[in-house]
Undergrad: 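I'd like to ask some things about the structure below.
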Amino acid sequence: SQQGEEDPQALSIQEGENATMNCSYKTSINNLQWYRQNSGRGLVHLILIRSNEREKHSGRLRVTLDTSKKSSSLLITASRAADTASYFCATDAIGANSKLTFGKGITLSVRP
Amino acid sequence: DAGITQSPRYKITETGRQVTLMCHQTWSHSYMFWYRQDLGHGLRLIYYSAAADITDKGEVPDGYVVSRSKTENFPLTLESATRSQTSVYFCASREGNTEAFFGQGTRLTVV
């Protein structure tokens with residue numbers, strides 16, 4: 001069964017707007033990661049947040065983690081057409097022997 | 001070139017045939033993984049390996065076999081391909097609880 005569930009499934013915004021994507025998970029984690037996938041390509045790691053961290057930034061990305069609610073959010077600020085892609089959260093569960101479990105993904109479309 | 005590479009990129013095979021998908025990484029990462037990606041299901045783990053000669057099942061292992069005789073290689077074999085195994089297959093590697101690196105994927109069609 002999949003650990004992470006992203007919300008919404010699809011998001012369409014105008015260039016320059018912010019995009020917020022959410023992920024909920026079920027078990028205790030070591031860390032949570034976000035990945036991006038452009039159409040027809042492999043996944044690329046964006047950011048990792050550890051279970052003892054609450055917020056992390058990387059360029060235009062901001063990730064938050066609430067372990068009490070078992071949820072995370074990914075914020076992309078000032079979106080660009082090039083941000084159009086699928087985004088996945090992945091959980092590194094405690095006791096899972098470094099297996100990463102992925103959600104079904106969010107399709108983000110940024111309109112020029 | 002450093003990285004993780006999969007071969008072939010595209011494969012068409014017939015039902016019942018055996019097919020092997022190759023994965024090679026140059027970092028000597030301990031962990032390697034095989035996922036399949038299908039519309040509506042996201043990525044599902046097929047098999048993973050924590051080190052050479054150590055493999056374990058993931059969420060959807062039936063119909064697949066893996067081996068890891070060398071740290072850098074992690075081939076995935078479909079022993080008798082079925083149409084339900086038509087999918088995009090991704091190999092990944094990581095070291096401990098860090099980021100994972102993915103190959104470009106293999107698009108497999110079983111006819």
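All figures in this text were calculated on a predicted structure; none of them were measured in a lab. Lettering of chains follows the sequences in order, A, B, ..., and the numbering in each one begins at 1.
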Undergrad: Working to the nearest 0.5 angstrom, can you tell me the gap between B:Y48 OH and A:L100 CG?
TA: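 Result: 12.0 Å between the selected atoms.
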Undergrad: Any side-chain donor paired with an acceptor under 3.5 Å for A:D92 and B:N97?
TA: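 Per modelled atom types, A:D92 and B:N97 side chains form a pair under 3.5 Å.
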Undergrad: Atom CZ of residue position A:R41 - does it have more than 12 heavy atoms of other residues, nucleotides or ligands inside 6.0 Å?
TA: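 For A:R41, atom CZ is not crowded (no more than 12 foreign heavy atoms under 6.0 Å).
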Undergrad: For chain B, find its close neighbours in residues 45-63 of chain A: heavy-atom separation under 4.5 Å, sorted by number, or none.
TA: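 Answer by number: A:H45, A:L48, A:R50.
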Undergrad: Counting heavy-atom pairs closer than 4.5 Å to chain B, which one of A:S86, A:S98, A:A90, A:G42 comes out on top?
TA: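 If we count pairs closer than 4.5 Å to chain B, A:S98 comes out on top.
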Undergrad: Answer yes or no: are there more than 12 heavy-atom neighbours, outside B:I12 itself, under 6.0 Å from its atom CD1?
TA: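 No.
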Undergrad: Which bit of A:Q37 is near chain B, if near means a heavy-atom gap under 4.5 Å: side chain, backbone, both or neither?
TA: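 A:Q37 touches chain B through side-chain heavy atoms alone.
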Undergrad: Counting only heavy atoms not in A:R111 (residues, nucleotides, ligands), do more than 12 fall under 6.0 Å from its CZ?
TA: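 It does: A:R111 CZ has more than 12 such atoms within range.
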Undergrad: Is A:T101 close to B:L43 at the side-chain level, that is, under 4.5 Å between some pair of heavy atoms?
TA: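 No. Closest side-chain heavy atoms not under 4.5 Å.
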Undergrad: Check each atom of B:A100 against the heavy atoms of chain A and say whether the ones under 4.5 Å are side chain, backbone, both or neither.
TA: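 Both backbone and side chain.
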Undergrad: Any side-chain heavy atom of A:K99 sitting closer than 4.5 Å to one from B:R94?
TA: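 The answer is no; the side chains never approach within 4.5 Å.
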Undergrad: Does any backbone or side-chain atom of B:Q37 lie under 4.5 Å from a heavy atom of chain A? Answer side chain, backbone, both or neither.
TA: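 For B:Q37, the side chain is the part near chain A, not the backbone.
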Undergrad: Please state whether the side chain, the backbone, both or neither of B:T98 comes within less than 4.5 Å of a heavy atom of chain A.
TA: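 The backbone, not the side chain.
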Undergrad: Are A:I13 and A:Y87 linked, directly or through intermediate hydrophobic residues, by side-chain heavy-atom contacts shorter than 4.5 Å (ILVMFWY only)?
TA: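 Yes; tracing contacts between hydrophobic side chains, which count when under 4.5 Å, links both residues.
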Undergrad: Is B:Q104 close to chain A through its backbone or its side chain, or both, or neither, when contacts mean heavy atoms under 4.5 Å?
TA: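 B:Q104 touches chain A through backbone heavy atoms alone.
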Undergrad: I want to know whether B:F90 and A:Y35 have ring centres closer than 6.0 Å.
TA: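 Distance test on ring centres: not under 6.0 Å, no.
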Undergrad: Look at the side-chain heavy atoms of Ile, Leu, Val, Met, Phe, Trp and Tyr, link any pair under 4.5 Å apart, and say whether B:M32 and B:M22 land in one connected group.
TA: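 The answer is no; the residues belong to distinct hydrophobic clusters.
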Undergrad: Please indicate whether A:Q9 has more than 12 foreign heavy atoms, meaning atoms of other residues, nucleotides or ligands, lying under 6.0 Å from its CD.
TA: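 12 or below, so no.
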Undergrad: Side chains of A:L43 and B:F101: does their closest heavy-atom pair fall under 4.5 Å?
TA: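 A side-chain contact under 4.5 Å is absent here.
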